[in-house]
Structure formats: structure tokens, C-alpha cells
Enquirer: 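Once you've had a glance at the structure underneath, I'll fire off some questions.
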Number of protein chains: 2
Amino acid sequence: MARSTEATPERDERAGATRASRPPLTRERILLAARDLADREGLAALTMRRLGAELGVEAMSLYGHVRGKDDVLDGLVDVVVGDWADPLPGSDDWAAVVRATMSVAHEVLLARPWACELIAARPAVGRNRLRFAESLQARMLGAGFSPQLARHSLHIIDGTITGFTLQELRRATLTQMGEEVAAVARGERRDEYPAITAVIADADHDHAAEFALMTDLVVDGLESMRRREATARSTDPRRAAGADAPISPKCLRSAREGR
Amino acid sequence: MARSTEATPERDERAGATRASRPPLTRERILLAARDLADREGLAALTMRRLGAELGVEAMSLYGHVRGKDDVLDGLVDVVVGDWADPLPGSDDWAAVVRATMSVAHEVLLARPWACELIAARPAVGRNRLRFAESLQARMLGAGFSPQLARHSLHIIDGTITGFTLQELRRATLTQMGEEVAAVARGERRDEYPAITAVIADADHDHAAEFALMTDLVVDGLESMRRREATARSTDPRRAAGADAPISPKCLRSAREGR
DNA sequence: ACGGCACCCTTACGTCGTAAGCATACAACG
DNA sequence: CGTTGTATGCTTACGACGTAAGGGTGCCGT
């Protein structure tokens, strides 16, 4: 083929100019491009080919720096988690740290609706997630939480952040709903769904207040658990050292209360 | 073509025997088959072709009863939600209903890991979800919750169920983790992640107790909000009729406390 | 007996993730 | 300066996906 001569200008705009002008492909550059692409066009548009195009590169070229699409997605999760790892780096007030973390994470996830879905779908744990967990656990242990309660708390906080935001986003994205649901939302089904209709009646639903309520619920609840633990330790010195039953007895009777 | 004569035996094993022996295709039959397929082989295996094969039918035959794959997925969400709509149908004890709902939903979602992911990805609201909301809201209004607080509570309960379960499942599916994360889990990084290492140390993590703790946290928190609302109404009769500020003032100051 | 009509099937298109192999440009060395 | 090794990115190709368009077959009311 006469490619080697004829291809010279083509090379200039691809490999040649590329090699010279374009920064080399990197895992990090790929992940950031993926994040921007998802921001702009949603998770569905995040395709290996599309992602390559975004970087001025063919799809298969990505595979030198990334194990596959799953790897990109996992990396993306950790990039997002990095946005709320360790806020208030100086403080050792665990409650303030929890409030700040929940608030920041909530905002980050609202700003990137695709991230919630991604976190739900991929169980990835990256370095930023470790940082996040370590930061929170350190404050809680320092504040006198038992290791068990600290662990429970982390899981509760984690689940609360993604779960609540997810549910909020789900309601926001609910533009294309069935006719029946739309009718209920318009309040035309008072006979069939009286409670929902009554609750929906007042138009101005305050999202921020709702999230604040959830935050209070979590922080206050954890604080009361921590106090209960502390008093139990001081009144029953046998348990002060051991770690056998640090959870309030109330928790043991609640689940499966009826069905 | 000689197909019309040669196809007769083929017809017997397909359309013929089919038409006679097989119940006709239905939206509901499709959704149940989809649920079973997802149960058996996961969400990734849920393909229109595969789903058709499961019903002894070609992929395109499904499109007469279902708008497309999205429609199947949305329907699937509502099928799952139907499994926890309105437990304790007789009771009017809102707290018991909330506890039962959370418990049942938690079990249902743990049994169908794909459902969590699906609910996270699709904002569908079907009839079963309406039933679920109506049932909960009715009890709460009956118990004296203001419409606003009832609404907030529903969202909190909803987010808690999926969020907590999601997070629990995520940890369970974390078999394929990076080498660094595995090392941390084995406790070989005490210097870098001391708090995590300390917290992970005791091996028997009680999932049931943790969920019970979360349930208590939600129910007790909502109960205290309800009480605060009630006393506020009785001490300040101007607000007894109106519904302007039914939320505890505490919620208004909490969010964005630090960053 | 027959016409209409639900059903369901066949074929086809564009897109996806990615395996395998090739071409090119740069770096180190004689 | 010429040679060669190596890393990097490109080309081609395959199978699977969702689904649009159109064709055939059996059942039911008349």
C-alpha cells in the first residue's frame, strides 16, 4: 500500500500531533474524561468508543490503561467518593464531621445523578472510600464509640447518604410516569388514595428541610446510642473491658416485630 | 419457497403445540418470568432474547405486551415493591407498621439483590408503590402526623430501606476487591488505616442487630418529631389549624453546619 | 365457509464490549 | 548516525444486545 507516504498528513493529525501535543493517556485522565462525559450526557452515553473519542483516541487504546469498562466504572465511583472524603480535616467533633460529610456528599450526589446509580450498581471500594471510612471511624473511636457501634454507625451513615439522595433523585426524575400516577399527583384520586392526596396537597415541599431532618435523626440517634453505651460501661464495670454486648438491648427485640 | 409444506412439523413444536398447550403471553406472565430469570441468573442475564426463550417465545414476540425493555424493568420494580406493600393490614399502630414494612422490605431486597440495583436505576412508580405509600401515610396521618411530617417520614423510610440494604449488599458482594483493600481487610495496614483496622478487628459483625439499630433510629426519631409537633400545636394554638411550620426548629439550623 | 385479526416469527440494522494482531514513534545503544 | 526494542495506539472482527418492519398462521365471529 501507498499508505506510508500518503498517510503522513493523516499521521500529523493523529499519532504525530498526538504524540507531541497531547498528554499521554493515563488512567486518571481517562477517569476524569469519563466523569465529564457522564456529567454532560449521562451514564448511558458513557461508552468505551465515546470515551475514546472524548480523548481523541480509539476505543481500544483505552485498554492499555484500564482493564475494561467495569474498571472505568469502579474508578469513577472512587473519583466521586473522593469529593466527600474527609471534610473538616482538623475537627475532632464527630457529630460535626458526620453532619458535614452527609451535607457535602448529598450535594455532590445531587450534582451528579449518575453517581448514585453507579454506586448502587458497583460494590467498588477504592482508596478514597478507605480515606472516607478511616476519617469517620477515627473521630468516632476518639469520641468513645465502641468499635462495634462505630462500625454500625459508618454503615448507617453510608446507607443513609446514598439511600436518601437516591430516593430524592428518583422523585425528581419522575417526569415520565404512567397516567394513573400522574392523576394521583394531580389530586384526582382522592377516593382511592386519600392519604397520599392529603399529603401531596401543599405544594411547597422543602427538600433541604427534609434532608436536615434526616441528618438530625441520624446524628441524634447515634449520639443517644453512644451515651447509652457509655453509661452501660460505667454502671456495669464487667463490660467495661470486654466488647460482648455494646448494643442497646432495645435493638435486639425490634426486628421482625410483626409480619 | 417450499416452506409452507415443510414447515408443518416445525409448526407443531412451535406455534401449533404452543397455541394449544401454552398459556398466552401476558404482561404479567412476562414480568414474573423476568423476575424468576433475574433471581436465577442475575440482572445481567435479563435480556429480551433470553426472556423470550424462558417463555418459549422469540424476543420480538414480547413487544406485543410490553413497550420495551425499560417497560419490563419498570414493571419488575413494581412487582418487587408489591412484596412489601401494606404489611399488617389490620393494625393502625404506625410504629408497628413502619417496623414491619422495613423488616419485610429488607428481607425481600436481600433475597433479590438485583432489585436494589434496579430500584436505584429506575424511578418507576407503579400501583404497588402507590399502595405502599398510601398504607403508610394513612397510618401516620391517623396518628397525628402533620401532612408535611408524614411526607418527610415516608421519604426517610423509603430512602432508608433501599439505602441501607444497598450498602449491606454492596459489602456482601465485595469479593473481588483490589489488593490494597484486601490487605486492609486482613488488618495488614494498621499504620495507614488504624481506625478501620481496629473496627474490623472483631470478626462477628451482626447484620441483624445493625438493621435493628437502624430501624430503632428511624422509628424513635420520627416518634420524637411527632411528639414535638403535637406539643408545639397545643402550646401555640395559632398553629394548631394552619400547617405553616410543623417541623421542629432544630431541622432548620442543621444542614450545612460546616464544610 | 370465510374474512378479519390477534399472535407470533423472521430478518435486519446499528451499537455495544473487547480479543487479536499490526503499525508507528520514541529511547537506548552500537 | 543507524539499529533495534518497546510502548502506545489503530484496525479489524466477533458475538450479543435492543428493536423496527414485515410476513405467515391459526382461531373466532359471522
Side-chain angles (χ1 to χ4, degrees), chain A residues 1-27 29-30 33-34 37 41-76 121-122, chain B residues 1-27 29-30 33-34 37 41-76 121-122:
Chain A
M1 276 191 186
R3 270 275 305 279
S4 51
T5 63
E6 178 253 348
T8 315
E10 180 192 358
R11 191 162 32 73
D12 257 9
E13 85 179 19
R14 281 204 184 162
T18 279
R19 202 70 70 103
S21 71
R22 199 176 49 191
L25 229 41
T26 310
R27 184 185 160 86
R29 249 167 57 76
I30 292 178
L37 179 54
E41 313 194 21
L43 204 53
L46 180 50
T47 295
M48 293 303 274
R49 297 172 212 260
R50 189 85 174 67
L51 180 54
E54 212 71 16
L55 291 158
V57 142
E58 226 59 31
M60 288 309 293
S61 301
L62 303 173
Y63 282 75
H65 310 266
V66 148
R67 207 151 29 222
K69 190 179 185 183
D70 288 1
D71 192 24
V72 172
L73 264 32
D74 286 344
L76 217 41
R122 303 210 65 83
Chain B
M1 275 192 184
R3 271 277 304 281
S4 52
T5 61
E6 178 254 346
T8 314
E10 182 194 358
R11 190 165 28 79
D12 257 7
E13 83 179 21
R14 282 205 185 162
T18 278
R19 203 69 73 99
S21 70
R22 200 177 47 189
L25 228 43
T26 311
R27 183 184 161 86
R29 248 167 57 75
I30 293 177
L37 179 54
E41 314 192 21
L43 204 53
L46 180 50
T47 292
M48 293 303 273
R49 297 172 212 258
R50 189 85 173 67
L51 181 53
E54 212 71 17
L55 291 158
V57 141
E58 226 59 30
M60 288 309 293
S61 302
L62 303 173
Y63 282 75
H65 309 266
V66 148
R67 208 152 24 223
K69 191 178 186 184
D70 288 1
D71 192 23
V72 172
L73 262 32
D74 286 343
L76 216 42
R122 305 211 62 83

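The shown structure was predicted, so the numbers you read here are calculated from the model rather than taken from an experiment. Side chains are part of it too, since the values below use all heavy atoms of this structure and drop only hydrogens, waters and symmetry mates. The chains referred to below are lettered A, B, ... by the order of the sequence lines, with proteins before strands, and numbering in each begins at 1.
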Enquirer: When you match Y63(B) and M60(A) each to their closest nucleotide on DNA chain D, which lands nearer the 5' end?
Expert: M60(A)

Enquirer: With rounding to the nearest 0.5 Å, note down the distance linking CD1 in I30(B) to CD in E54(B).
Expert: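 Rounded to the nearest 0.5 Å, the CD1-CD separation comes to 12.5 Å.
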
Enquirer: Please pick, from dC16(C), dA19(C), dG18(D), the nucleotide with the shortest atom-to-atom distance to any side-chain atom of T47(A).
Expert: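 So the side chain of T47(A) is nearest to dC16(C).
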
Enquirer: Using whole Å, what does the distance between atom P of nucleotide dA19(C) and atom NZ of K69(A) come to?
Expert: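 Interatomic distance, NZ of K69(A) to P of dA19(C): 15 Å.
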
Enquirer: Could you give the CG-to-P distance, from L51(A) to dT18(C), as a whole number of Å?
Expert: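 Value for this atom pair: 12 Å.
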
Enquirer: If you look at every heavy atom in A34(A) and V72(A), which pair is closest and at what distance?
Expert: CB-CG1, 4.0 Å

Enquirer: Could you state the atom-to-atom distance from CG of L55(B) to C1' of dC8(C) in whole Å?
Expert: 13 Å

Enquirer: For dC10(D), take OP1 and OP2 only and decide whether either is under 4.0 Å from a side-chain N or O of S61(A).
Expert: yes

Enquirer: Taking CG from L25(A) and C1' from dA7(D), how many angstroms apart are they, rounded to a whole number?
Expert: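 Interatomic distance, CG of L25(A) to C1' of dA7(D): 13 Å.
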
Enquirer: Give the rounded distance in Å between these two atoms: CZ of R29(B) and P of dC7(C).
Expert: 13 Å

Enquirer: Please step through side chain to side chain contact (heavy atoms under 4.5 Å, CB included) for the pair E41(A) and R50(A), ending with a clear verdict.
Expert: CA-CA 11 Å; E41(A) 313 194 21; R50(A) 189 85 174 67; 2.4 Å; yes

Enquirer: Expressed in angstrom and rounded to an integer, what is the separation of M48(B) atom CE from dC17(D) atom P?
Expert: 12 Å

Enquirer: Could you give the CZ-to-P distance, from R49(B) to dC9(C), as a whole number of Å?
Expert: 14 Å

Enquirer: So, is H65(B) near the phosphate of dC8(C), with a side-chain N or O under 4.0 Å from OP1 or OP2?
Expert: yes

Enquirer: Quickly work out the E58(B) CD to dC17(D) P distance and round it to whole Å.
Expert: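 Result: 13 Å.
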
Enquirer: For R49(B), is there an ion pair with E58(B) - N to carboxylate O distance below 4.0 angstrom?
Expert: no

